[in-house]
2 protein chains.
Amino acid sequence: MAKRKSLADSPCPVARALEIIGERWALLIVRDAFDGVRRFGEFQESLDIARNILTDRLRLLVEAGVLDVVPASDGSAYQEYVLTPKGEALFPVIVTLRQWGEANLFARGEKHSQLIDRASGKPVSKLILRSAVGTTPAPAGTFVKKVATQKSR
Amino acid sequence: MAKRKSLADSPCPVARALEIIGERWALLIVRDAFDGVRRFGEFQESLDIARNILTDRLRLLVEAGVLDVVPASDGSAYQEYVLTPKGEALFPVIVTLRQWGEANLFARGEKHSQLIDRASGKPVSKLILRSAVGTTPAPAGTFVKKVATQKSR
DNA sequence: CCGTATCCATTCCGATACTG
DNA sequence: CAGTATCGGAATGGATACGG
């Protein structure tokens, strides 16, 4: 008993997403990857995570298709972990999470780290995110239920 | 040993945010709250979560200031759990997570649940998110480090 | 119907030692 | 440097029984 219930088959996209990245380390690894971190040791030092756990989390993220393993860019015989397109698509998630954290989790005047968007040169905290409005035409029968109770403010 | 490292004091807003909602159930509870769920039993049924865990997670979210406890709206002597402004500010996080899940975690033709934004009448999956561009003027000395390595695509 | 309390299996995670 | 192997303690989560 006490077998953990899998969310991987949930009809809710939020639940499925959490099955992959709803875990203490996963998103921090992804955040570091966005930050340019590629090597095992860099992740380990940056996150201060035990090596065995890091090994396991990297493996899970690779299996999930969020990271990819490539031969090291320098001569060394090792590997590097880079974001796949699927992993890069997590950028808006990181940004919104960061924005929420900055706005709600820091005392006035308290310092926080910052991330600059390479393309725009602006802090990611100030990015306006564009969703894929045109993508997924959503043909009839796509949804298993429709709930019209959302507030947006 | 093996004491879990707290992220609550991390200078990274993403890490702090994950300390609160980076857990298997927290965001699903928040998602349900956005969906209009307010009662203990509703959460329990919707999430199929053990009652003791639900109790604990609700308590944590209340402590974190994401949910608030109010007297039941019907006559019953119980309580209801409603989103605080801080909790409602998580809306963009849920939306981006959902968008990512829809785009990357479902096979073509596979159905997923849907959520309609009350204000706009559109699916949240197609919302264009506006960040608080004007807020937090970010005076000098706000950041502990600046990293300019971000890719945005 | 709303929770709390207990018990226990599973999972997580840190420390450490070890290999190449 | 980049992992793997093993260990033990802590946290998570599920089942269930109980009380308001």
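The figures here come from the full heavy-atom set of this structure, side chains too, leaving out hydrogens, waters and symmetry mates. Labels below follow one simple rule: chain letters A, B, ... track the order of the sequence lines, proteins then strands, and each chain is numbered from 1.
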Just how far, in rounded Å, is [atom2] of [N] from [atom1] of [X]?
X	N	atom1	atom2	value
A:Asp56	D:dA5	CG	P	12 Å
B:Arg4	D:dG8	CZ	P	22 Å
A:Leu54	D:dA2	CG	C1'	10 Å
A:Ile53	D:dA10	CD1	P	15 Å
A:Ile49	D:dG3	CD1	C1'	14 Å
B:Leu28	D:dG13	CG	P	11 Å
A:Phe40	C:dT19	CZ	C1'	14 Å
A:Arg24	D:dA11	CZ	P	11 Å

Does the side-chain contact (heavy atoms from CB on, under 4.5 Å) test come out yes or no for B:Val66 and B:Ile29, once each step is laid out?
-> CA-CA 11 Å; B:Val66 170; B:Ile29 291 174; over 6 Å; no
Output the single nucleotide from D:dA11, D:dG14, C:dG3 whose closest atom is nearest the side chain of B:Trp25.
-> D:dG14
Name the closest nucleotide to the A:Arg39 side chain, picking from D:dC1, D:dG14, C:dG3.
-> D:dC1
Let me check something: do [X] and [Y] share a hydrophobic cluster, defined by ILVMFWY side-chain heavy atoms less than 4.5 Å apart, either directly or through other members?
X	Y	result
B:Leu90	B:Leu60	no
A:Leu54	A:Val82	no
A:Val69	A:Leu67	yes

Considering all heavy atoms, the nearest B:Ser113-B:Glu102 contact =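 Result for this residue pair: O-OE2, 4.3 Å.
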For [N], does OP1 or OP2 lie under 4.0 Å from any side-chain N or O of [X]?
X	N	result
A:Tyr81	D:dG3	yes
B:Gln79	C:dG3	yes
B:Thr55	C:dG3	no

Does the ring of A:Phe106 carry B:Arg16 above it, NZ/CZ under 6.0 angstrom from centre and within 45° of its axis?
-> yes
Under 4.0 Å between any heavy atoms, over every strand shown, what does [X] touch: base, sugar-phosphate, or nothing? Just pick one.
X	value
B:Arg59	nothing
A:Phe43	nothing
A:Glu23	sugar-phosphate

Take B:Asn52 and B:Glu80, find for each the nucleotide of DNA chain C with the closest heavy atom, and name the residue whose nucleotide sits nearer the 5' end.
-> B:Glu80
A:Ser10 and B:His112: side-chain contact (heavy atoms from CB on, under 4.5 Å), yes or no, with the steps?
-> CA-CA 8 Å; A:Ser10 166; B:His112 55 75; over 6 Å; no
State whether the side chain of B:Glu23 and the backbone N or O of A:Arg24 hold a donor-acceptor pair below 3.5 Å, judged by distance alone.
-> no
Within the sub-3.5 Å range, which N or O atoms of nucleotides 18-20 of chain D have a protein N or O partner, and how far apart are they?
residue : atom : partner : partner atom : Å
D:dG20  : N2   : B:Tyr78 : OH           : 3.1

Sorted by position of nearest nucleotide on DNA chain D, 5' first, the leading residue of B:Asp48 and A:Leu58 is A:Leu58
